[in-house]
Every structure is written in structure tokens, then in C-alpha cells.
*Asks:* 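Structure in C-alpha cells, see below.
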Amino acid sequence: MESQAVDAENISDEKISFDTGALTFAQLKGIFKLLPIDITFIDADDTITFFVNNGGIFARPKSALGQKVFEYHPLEILPMVREMLSDFKTKKRDRAEFFRNIKGKPTSVVYQAVYDGEDYLGAVEFVQDFSDALKKFS
């Protein structure tokens, strides 16, 4: 999949254009509010620059913005987080998936490296509670 840089030609006062269409900022913001998932973006310097906490598994305070991601993980998993982000930067791997019970809920935690060509832009963390979905299979 080819990446498309978002620059001045892709953003107007009314729309943000992508290869597959365009959205207003209000539409994009509205879509993020509907996603039943926690999303956190960690930039190339390991700093939290964006998050959406609709899933509510890992509550992130707004004060997390601009902070190193390592400040928001338990000490026992910090070595794994550091290694994973290092692997993403060196392209040793570009994805990590974990399935655990968190706060008594069956939860998926997926980290995905984000690149623009050869350049590492950061990583996105997706956290999703599967409690409701699993009830449908009972």
C-alpha cells in the first residue's frame, strides 16, 4: 500500500484529501468518536502525540500528550515496549499483537509501525475490548 503524505495540497479549509476520498475535519473527528477502540499514536521519538479513548480500556489523561510512552506502561512490561519500538525503528518487525484479560475483559492490544517509505514515523496502538463480540458467540 502506497503512503500519501498529508501536505498543503491535501488539506483545504473544508476537506482533507486522501487517495480514496476526502473528509472534512468535523467528519474525521466524528468518525474517531464512534470507533469502539482506544487508539494511541506514538511518534518516532516515542512521544504520545494523539489518542482516542472510546474503548475505555486504558484511560489516558490529556496530560499524556507530549509525554514519553514509557511513562504510561507498567514497569514489568517496559523492556518489552522498548524492544518492540526499537524493532519497529530498525524494521526488524512492524507489528505486535497481544490478547489478554485486562480489567476482567478479553482484550486485544495491537501495535503497528507506521512508515512513509523508508522513514519510521512512529507506532499506533489499538486496544479493543471483545466482551460484547464474544457474547454474540455464546
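These numbers come from the heavy atoms of this one structure, side chains and all, not from hydrogens, waters or symmetry mates. Position 1 is the first residue of the sequence, and the numbers go up from there.
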*Asks:* What are the two closest heavy atoms between Pro79 and Glu76, and how far apart are they?
*Replies:*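 What the structure gives for the nearest pair is CD-O, 3.9 Å.
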*Asks:* I'd like to know if the side chain of Gln27 and the backbone of Thr24 have a donor-acceptor N/O pair within less than 3.5 Å.
*Replies:*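 At least one qualifying donor-acceptor pair exists.
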*Asks:* If you count heavy atoms of other groups shown closer than 6.0 angstrom to NZ of Lys68, is the number above 12?
*Replies:*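 Enclosed: over 12 neighbouring heavy atoms sit under 6.0 Å from NZ of Lys68.
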*Asks:* Decide yes or no for Val124 and Ile39: does some side-chain heavy atom of the first lie under 4.5 Å from some side-chain heavy atom of the second?
*Replies:*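 The answer is yes; the side chains approach within 4.5 Å.
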*Asks:* Taking side chain as C-beta onward, heavy atoms only, is Tyr120 less than 4.5 Å from Thr90?
*Replies:*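 They are not in contact (no side-chain heavy atoms under 4.5 Å apart), so the answer is no.
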*Asks:* Give me each pair satisfying ring-ring contact (aromatic ring centres under 6.0 Å, His included) with a member in residues 66-109, each pair once, sequence neighbours excluded.
*Replies:*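 Output for this query is empty, none listed.
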*Asks:* Which heavy-atom pair separates Val109 from Ile102 by the least distance, and what is that distance?
*Replies:*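 Minimum heavy-atom contact is CG2-CD1, 4.0 Å.
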*Asks:* Could I get the full list of side chain to side chain donor-acceptor pair (under 3.5 Å) partners for Ser131, not counting sequence neighbours?
*Replies:*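 Residues passing side chain to side chain donor-acceptor pair (under 3.5 Å) with Ser131: Asp129.
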*Asks:* Is Asp43 reaching over with its side chain to a backbone N or O of Thr49, donor-acceptor style, under 3.5 angstrom?
*Replies:*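 Looks like no, no N/O pair under 3.5 Å.
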*Asks:* For Asn53 versus Phe58, what's the shortest heavy-atom pair and its separation?
*Replies:*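 Result for this residue pair: ND2-O, 2.7 Å.
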*Asks:* Please evaluate residues Phe50 and Phe32 with respect to the criterion ring-ring contact (aromatic ring centres under 6.0 Å, His included), reporting the C-alpha separation (whole Å), side-chain torsions for both, the decisive distance (0.1 Å), and the verdict.
*Replies:* CA-CA 11 Å; Phe50 174 83; Phe32 275 126; 5.3 Å; yes
*Asks:* Using salt bridge (charged side-chain N to carboxylate O under 4.0 Å, His left out), reason through Lys89 and Asp46 one step at a time and then give a plain yes or no.
*Replies:* CA-CA 10 Å; Lys89 291 173 185 178; Asp46 305 324; 3.0 Å; yes
*Asks:* Where is the tightest heavy-atom contact between Ala64 and Ile48, given as atom of each residue plus distance?
*Replies:*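 Nearest pair, atom of Ala64 first, then Ile48: O-CB, 3.6 Å.
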*Asks:* Would you confirm whether Lys105, through its side chain, and Phe130, through its main-chain N or O, come within 3.5 Å as a donor-acceptor pair?
*Replies:*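 No, because the side chain of Lys105 does not come within donor-acceptor range (under 3.5 Å) of the backbone of Phe130.
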*Asks:* A side-chain contact here means heavy atoms from C-beta on lying under 4.5 Å apart; do Lys15 and Leu23 qualify?
*Replies:*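 Answer no - side chains too far apart.
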*Asks:* Return each pair, listed once, that meets salt bridge (Lys or Arg N to Asp or Glu O under 4.0 Å) where at least one residue sits in residues 90-99; pairs must be two or more places apart or across chains.
*Replies:*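 Residue pairs with at least one partner in residues 90-99: Asp87-Arg93, Lys91-Glu118, Arg95-Glu97.
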*Asks:* Nearest 0.5 Å please: distance from the CD1 atom of Ile77 over to the CE atom of Met84.
*Replies:*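 Reported to 0.5 Å precision, the distance equals 8.5 Å.
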*Asks:* Grab the two heavy atoms, one from Ile57 and one from Lys103, that are nearest each other, plus how far apart they are.
*Replies:*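 Heavy-atom minimum between the residues: O-NZ, 2.7 Å.
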*Asks:* Compare every heavy atom of Ser108 with every heavy atom of Val110, then report the nearest pair and how far apart it is.
*Replies:*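 Here Val110 and Ser108 meet closest at CG2-OG, 3.6 Å.
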*Asks:* Hey, is the main chain of Arg82 close enough, under 3.5 Å, to the side chain of Ser86 for a donor-acceptor pair?
*Replies:*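 Flag not set: sc Ser86 to bb Arg82 has no pair under 3.5 Å.
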*Asks:* Evaluate side-chain contact (heavy atoms from CB on, under 4.5 Å) for Thr107 paired with Arg100, printing each intermediate quantity in order.
*Replies:* CA-CA 5 Å; Thr107 304; Arg100 313 181 312 176; 5.8 Å; no
*Asks:* Is it possible for you to say whether Leu75 and Leu85 belong to one hydrophobic cluster, with membership spreading through side-chain heavy-atom contacts below 4.5 Å?
*Replies:*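 Result: yes, single cluster for both.
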*Asks:* Between Leu35 and Phe18, is there a shared hydrophobic cluster once you connect ILVMFWY residues whose side-chain heavy atoms come closer than 4.5 Å?
*Replies:*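 In one cluster: yes.
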*Asks:* Can you confirm whether Lys62 is buried at NZ, in the sense that more than 12 heavy atoms of other residues, nucleotides or ligands lie under 6.0 Å from that atom?
*Replies:*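 At most 12 heavy atoms, drawn from other residues, nucleotides or ligands, come within 6.0 Å of this atom.
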*Asks:* Rounded to the nearest 0.5 Å, what's the gap from CD1 on Ile42 to CD on Glu125? Could you check?
*Replies:*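 It comes to 5.5 Å.
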